[in-house]
Amino acid sequence: MIDCLFCKIIEGKIPATLVYEDGNVVGFKDLRPQAAVHLLFIHRKHTKDINEMTKNDPTQLSDLFHAIRLYTEKNELHKEGFRVVTNQGPFAGQTVFHTHLHVLGGEPLSHFGA
Ligand code: AMP
Ligand code: ZN
C-alpha cells in the first residue's frame with residue numbers, strides 16, 4: 001500500500017475542492033494557489049512522477065490533457081490562456097509524489113524564458 005496524499009483525495013478520504021472528474025482523471029483546487037486559478041489534475045492510477053507515468057502508460061498523459069482541454073473550454077480559461085506545469089524531483093521542488101499537472105491562469109502570468 002502506498003501512503004499517498006493525492007490517492008486519498010481520489011478516494012475521498014481527504015477533503016479537496018473537486019472541479020473535474022471522469023473515469024480516469026480528477027481535478028481539484030490547489031491548497032496554496034499561486035495564481036487566480038490554480039488547479040491540479042491527476043490520474044486515478046498512481047505513478048510518482050511524469051517520467052514514470054509516460055514510461056508505464058503514455059495514454060495517461062493524454063487522459064490528463066483531454067481533461068484539461070474539456071475543463072478549460074467549459075470554463076472559458078482557454079480564451080485568455082493558461083499554463084500547464086509539472087515538477088519532477090528535488091531541483092524542480094516536487095513535494096507530492098503522485099504525478100500531477102498544475103493548471104495556472106485566470107490572470108496574466110509572469111513569463112519565463114527569452
Ligand atoms: P509540487 O510541488 O509540484 O509537488 O505540487 C504539489 C502541490 O500540491 C502544491 O502546489 C501544494 O500546494 C498542493 N497541495 C498539497 N496538499 C494539498 C491538498 N491537501 N489539497 C490540494 N492541494 C494540495
Ligand atoms: Zn497516489
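As the structure lists them, so they are numbered: ligands from 1, and atoms in each ligand from 1. Below, each value reflects all heavy atoms present in this structure, side chains not excepted, and no hydrogens, waters or symmetry copies.
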Colleague: Does Gly93 come within less than 4.0 Å of ligand 1, judged by its heavy atoms?
Modeller: yes
Colleague: Out of Leu31, Asp49, Asn87, who gets a non-hydrogen atom closest to atom 22 (N) of ligand 1?
Modeller: Leu31
Colleague: For ligand 1, is any non-hydrogen atom under 4.0 Å from Gln34's backbone (N, CA, C, O), its side chain (CB onward), both, or neither?
Modeller: neither
Colleague: If you define the side chain from C-beta out and look only at heavy atoms, does anything of Leu18 sit under 4.5 Å from Val26?
Modeller: yes
Colleague: Do NZ/NE/NH1/NH2 and the carboxylate oxygens of Glu76 and Lys79 come within less than 4.0 Å?
Modeller: yes
Colleague: For ligand 1, indicate whether the residue Leu40 contacts it via side chain, backbone, both or neither (heavy-atom separation under 4.0 Å).
Modeller: side chain
Colleague: Salt bridge check: are Arg44 and Asp63 linked by an N-O gap of less than 4.0 Å?
Modeller: no
Colleague: What's the shortest heavy-atom distance between His46 and Phe97, and which atoms?
Modeller: CE1-O, 3.2 Å
Colleague: Between Gln94 (side chain only) and Pro90 (backbone N and O only), is there a donor and an acceptor less than 3.5 Å apart?
Modeller: no
Colleague: For the Zn ion (ligand 2), how many protein N, O or S atoms lie at less than 2.8 Å?
Modeller: 4
Colleague: Regarding ligand 1, does Gln94 bring an N or O atom to under 3.5 Å of one of the ligand's N or O atoms?
Modeller: no
Colleague: By side-chain contact (heavy atoms from CB on, under 4.5 Å), which residues pair with Asp57, not counting sequence neighbours?
Modeller: Thr59, Gln60
Colleague: Within the structure, does Val96 bring an N/O atom to less than 3.5 angstrom of an N/O atom in ligand 1?
Modeller: yes
Colleague: So, for Asp22 and Ala67, which heavy atoms are closest and what is the spacing to 0.1 Å?
Modeller: OD2-CB, 4.2 Å
Colleague: Let me check something: any side-chain donor-acceptor pairs from residues 29-36 under 3.5 Å, sequence neighbours excluded? List them with distances.
Modeller:
unit_1	atom_1	unit_2	atom_2	d
Asp30	OD1	Arg32	N	2.8
Asp30	OD2	His38	NE2	3.4
Gln34	NE2	Arg32	O	2.9

Colleague: Are Leu40 and Val96 co-members of a hydrophobic cluster defined by side-chain heavy atoms under 4.5 Å apart?
Modeller: yes
Colleague: For ligand 1, is there an atom lying under 4.0 Å from some heavy atom of Phe6?
Modeller: yes
Colleague: Considering only heavy atoms of Leu5, which atoms of ligand 1 have at least one such atom less than 4.0 Å away?
Modeller: 16 (N)
Colleague: Would you mind listing the cluster partners of Phe41? Hydrophobic ones only (ILVMFWY), side-chain contacts under 4.5 Å, chaining allowed.
Modeller: Val19, Tyr20, Val25, Val37, Leu39, Ile50, Met53, Leu61, Leu64, Phe65, Ile68, Leu70, Tyr71, Leu77, Phe82, Val84, Leu101, Val103
Colleague: Using a strict cut-off of 4.0 Å, indicate which atoms of ligand 1 neighbour a heavy atom of Lys29.
Modeller: 21 (C)
Colleague: Quick one: does any side-chain atom of Thr86 pair with a main-chain N or O of His100 as donor and acceptor, under 3.5 Å?
Modeller: yes
Colleague: Show which atoms of ligand 1 fall inside a sub-4.0 Å distance from at least one heavy-atom site of Arg32.
Modeller: 11 (C), 12 (O), 15 (C)
Colleague: Only one of Asn24, Ile10, Thr99 clears side-chain contact (heavy atoms from CB on, under 4.5 Å) with Ile42; which?
Modeller: Ile10
Colleague: Any N or O on His100 sitting closer than 3.5 Å to an N or O of ligand 1?
Modeller: yes
Colleague: Starting from atom 10 (O) of ligand 1, which protein heavy atom do you reach first, and at what distance in Å?
Modeller: Asp30 OD2, 2.5 Å
Colleague: Starting from atom 4 (O) of ligand 1, what is the nearest protein heavy atom, named by residue and atom, and what distance separates them?
Modeller: Thr95 N, 2.7 Å
